Asks: 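Structure provided below as structure tokens; questions to follow.
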Protein chains: 2
Amino acid sequence: MKAKQFVEISKCLSNQTRLDILEWLKDPEGNFPPNTSSMPNTEGVCVTFIHEKTGLSQSTISTYLTSMLRCELLEMKRVGKWTYFKRNEKVIKAYCDYLL
Amino acid sequence: MKAKQFVEISKCLSNQTRLDILEWLKDPEGNFPPNTSSMPNTEGVCVTFIHEKTGLSQSTISTYLTSMLRCELLEMKRVGKWTYFKRNEKVIKAYCDYLL
DNA sequence: TTTACATATCGAAATATTTCGATATATTTG
DNA sequence: CAAATATATCGAAATATTTCGATATGTAAA
């Protein structure tokens, strides 16, 4: 991991709501209702559920998720009108390795 | 580690200079001149050397180091007129564990 | 005990982040 | 195709961070 990506990830992690989202996605079945489509929660949770759980505005959460995607903390999958997000464990691990 | 401390640490890590300092302190003997006192670099590097290496103002570095101390990324030791800083490996490890 | 050195704190200007409501876009469904 | 649903983007106001120079404080040396 390059320093620039590390700093961008740290910026994402320095906001309580974004951190909450990352933590909630550790257990996507326990923390969110099942996706209305056939997509299992383990392969991504739809933006609406994440939005509803935070209590912040839809536009704010969309921006948050985009920033977490750009620095690669999250992975995205678009299916029909839904967008699903899940943790990018590989990048999270690389972020930790950088520090130690 | 509590969420609040995690967020404060992330804020520290979201600045390139503070990240540099944390990385430089991985090898305090390779990255800084030997302390002028009898304190070995492995037990802490004095603020002046850290300041000189960054190129930023003394007041800025003092503020940076204080914030890194407050969130416990660093440990401090004061001896005579010098202040020495080193990494707090235990907290850094706990920060990583929180993420994974 | 004055001076020099090491570090911390203050006040301020520039820049960045947070968060919103309004609006745009894209997809599905009637 | 029109309406409904899901998500993204825009513009802006409030707040926070960055970084400085000036100054204060604490310790050591002359």
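On a predicted model such as this, the values are computed, not experimentally measured, just so you know. The chains referred to below are lettered A, B, ... by the order of the sequence lines, with proteins before strands, and numbering in each begins at 1.
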Asks: Rounded to whole Å, how long is the line connecting atom CZ of A:Arg18 with atom P of C:dT17?
Replies: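 After rounding, the gap between these two atoms is 9 Å.
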Asks: Detail all sub-3.5 Å separations between protein N/O atoms and N/O atoms belonging to nucleotides 8-13 of chain C.
Replies:
| residue | atom | partner | partner atom | Å |
| --- | --- | --- | --- | --- |
| C:dA8 | OP2 | B:Ser62 | OG | 3.0 |
| C:dA8 | N7 | B:Gln58 | NE2 | 2.8 |
| C:dA8 | N6 | B:Gln58 | OE1 | 2.8 |

Asks: Does B:Asn41 reach the main-chain N or O of B:Pro33 with its side chain, forming a donor-acceptor pair under 3.5 Å?
Replies: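 Checked: pair present.
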Asks: Just how far, in rounded Å, is P of D:dT19 from NE2 of B:His51?
Replies: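 Taking NE2 of B:His51 and P of D:dT19, I get 13 Å after rounding.
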Asks: Measure the distance from CZ on A:Arg70 to P on C:dT17 and round it to the nearest whole Å.
Replies: 10 Å
Asks: Just how far, in rounded Å, is P of D:dT18 from CG of B:Asp20?
Replies: 14 Å
Asks: With a 4.5 Å limit on heavy-atom distance, are the side chains of A:Ile9 and A:Tyr98 in contact?
Replies: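 Answer no - side chains too far apart.
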Asks: Taking the side chain as every heavy atom from C-beta outward, state whether A:Met1 and A:Val91 have any atom pair closer than 4.5 Å.
Replies: yes
Asks: Using a cutoff of under 3.5 Å, can you pull out all pairs of nitrogen or oxygen atoms linking the protein to nucleotides 28-30 of chain D, with atom names and distances?
Replies:
none

Asks: Should A:Asn15 be listed as having a side-chain N or O under 4.0 Å from OP1 or OP2 of C:dT19?
Replies: yes
Asks: Heavy-atom count around B:Lys93 NZ within 6.0 Å, excluding the residue itself: above 12?
Replies: no
Asks: Over 60° means perpendicular and under 30° means parallel, so tell me whether A:Phe32 and A:Trp24 are parallel, tilted or perpendicular.
Replies: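 Aromatic pair A:Phe32/A:Trp24 classed perpendicular.
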Asks: Tell me whether A:Lys53 contacts the main-chain N or O of A:Asn31 through its side chain, where contact means a donor paired with an acceptor under 3.5 Å.
Replies: yes
Asks: A:Thr54 and A:Tyr64: side-chain donor and acceptor closer than 3.5 Å?
Replies: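 A:Tyr64 and A:Thr54 do not have a side-chain donor-acceptor pair below 3.5 Å.
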Asks: Using atom types as modelled and distance alone, determine if a side-chain donor or acceptor of A:Glu29 lies under 3.5 Å from a backbone N or O of A:Pro34.
Replies: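 Answer holds: no.
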